[in-house]
Amino acid sequence: MRLVILPNSDDVAEFACDLFVQQLKQKPQSNLGLATGSSPTALYNKLIERQAAGEVSFSAATSFNLDEYVGLDGDHNQSYRYFMNETLFDHIDIDLKRTFVPNGIAENPNDECKRYEEMIALAGGIDLQLLGIGINGHIGFNEPLSSLASRTRVKTLTKSTIEANSRFFGPDETQPTDSMTMGIGTILNAKQVVLLATGEHKAQAIKGCVEGPVTASCPASALQMHEHAIVVADEAAAKDLTMKDYAIWAERRHQALEKM
Ligand code: GLP
């Protein structure tokens, strides 16, 4: 696992932005795995700027989002489809028909999950998968105790995730308790994975992800089994890492060796 610790959240977004730009330059028809939440928004703003400046194009790319709430249709302002359109897709040159998010109002959510998993496989798999991390270590909506081999499926949310996301729902709105999410096995199949974490409230989750045992109790720890996983954290999110100094030193060496 490559661990990159940077001074602040803007540096984290910039690092991730460079990765996406490089990916699209190398392979314009990339399959991008995208995420929602507050962690990727600064990255998305930077990608919008880079595209407007003509430095990158999404016109040949395809995207697959990690997850969606069961019961919310794409017009609901808390659905992840709505979030993606508003935050990224409406501002870049991607073909909206090639942006995929599980359908939250599918008649049969289990069938929808199977279809989604098949679509990813048919497209040739994900080239670069973006992840945030929940305070309990979840990735996508793979809550603790998720099978590390899981595929896209319906997953019931934990109380802590429902509480963490309740701030987005109005008092009269019914907050979903279930989701459809790519599985941990689906995520591990991506050719490259980048997880972003900023802020002190993510410090324990990052410790579990990077230094803890590989365990279903911390789904993000499964990334330790991925050949090309990069965890990008700001100082605050990395503050509890025992190996922090080594990680900073190793990353400096990594960059120096790359230039040789
Ligand atoms: C949600 C999403 C995750 C995201 C997590 C953390 O539960 N399903 O994909 O990583 O929230 O969100 P944030 O980045 O806002 O802390």
Side-chain angles (χ1 to χ4, degrees), residues 8-10 12-13 15-17 32-46 63-72 74 76-84 86-88 100-104 109 113 116 126 128-146 150 152-169 175-184 186-188 190 193-210 218-223 229-234 236-238:
N8 58 52
S9 56
D10 190 63
V12 169
F15 183 96
C17 183
L32 305 175
L34 299 178
T36 53
S38 48
S39 304
T41 48
L43 156 66
Y44 292 158
N45 289 337
K46 285 179 190 291
S63 73
F64 291 94
N65 259 78
L66 279 168
D67 47 11
E68 180 58 284
Y69 286 113
V70 172
L72 297 194
H76 190 290
N77 65 5
Q78 287 313 321
S79 74
Y80 284 169
R81 159 55 76 184
Y82 187 92
F83 175 97
M84 289 309 299
E86 287 277 301
T87 317
L88 183 66
F100 299 101
V101 181
N103 175 9
C113 290
Y116 200 71
I126 288 168
L128 177 57
Q129 175 67 55
L130 176 66
L131 297 173
I133 185 168
I135 47 174
N136 61 3
H138 75 228
I139 47 177
F141 268 133
N142 292 284
E143 298 284 28
L145 306 189
S146 289
S150 50
T152 307
R153 71 216 182 288
V154 173
K155 191 76 202 165
T156 296
L157 306 178
T158 59
K159 272 195 177 154
S160 83
T161 297
I162 293 171
E163 264 161 41
N165 292 347
S166 65
R167 64 190 193 277
F168 300 116
F169 290 85
Q175 193 184 343
T177 53
D178 303 293
S179 68
M180 294 178 212
T181 181
M182 282 186 201
I184 298 174
T186 319
I187 293 168
L188 291 178
V193 179
V194 57
L195 182 148
L196 310 184
T198 58
E200 222 178 300
H201 62 303
K202 297 290 173 72
Q204 274 305 300
I206 283 298
K207 188 165 175 62
C209 165
V210 176
C218 178
S221 66
L223 298 187
I230 311 179
V231 172
V232 193
D234 67 358

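Both counts, for ligands and for their atoms, begin at 1 and track the order of listing.
Inclusion of D67 in the set of residues having an N or O under 3.5 Å from an N or O of ligand 1 is warranted.
One N or O on the side chain of Q78 and one on the backbone of F168 form a donor-acceptor pair closer than 3.5 Å.
The shortest contact between atom 3 (C) of ligand 1 and any protein heavy atom is with G140 O, 3.4 Å. Of all protein heavy atoms, the one closest to atom 5 (C) of ligand 1 is H138 NE2, 3.6 Å. Atom 6 (C) of ligand 1 has as its closest protein heavy atom I133 O, 3.6 Å. Regarding atom 14 (O) of ligand 1, its nearest protein heavy-atom neighbour is S39 OG, 2.5 Å.
In the candidate list A220, S38, A164, S38 is nearest to atom 15 (O) of ligand 1, counting heavy atoms.
For the pair I135 and ligand 1, no heavy-atom separation below 4.0 Å is found. Taking 4.0 Å as the cut-off, H201 does not count as a neighbour of ligand 1 on heavy-atom distance. The closest approach between any non-hydrogen atom of A35 and ligand 1 is not below 4.0 Å.
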| Evaluation steps, side-chain hydrogen bond (donor to acceptor under 3.5 Å, both in side chains), between Q175 and N165 | CA-CA 9 Å; Q175 193 184 343; N165 292 347; over 6 Å; no
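Of all atoms in ligand 1, numbered sequentially from 1 with element shown, those under 4.0 Å from a heavy atom of K202 are 13 (P), 14 (O), 16 (O). Atoms of ligand 1 lying under 4.0 Å from any heavy atom of F141, numbered from 1 in the order shown and given with element: 1 (C), 7 (O), 8 (N).
Here the straight-line distance linking atom OG1 of T152 with atom CD of E68 works out to 13.0 Å at 0.5 Å rounding.
Defined by atom type and a distance below 3.5 Å, a donor-acceptor pair is missing between the side-chain atoms of T186 and R153.
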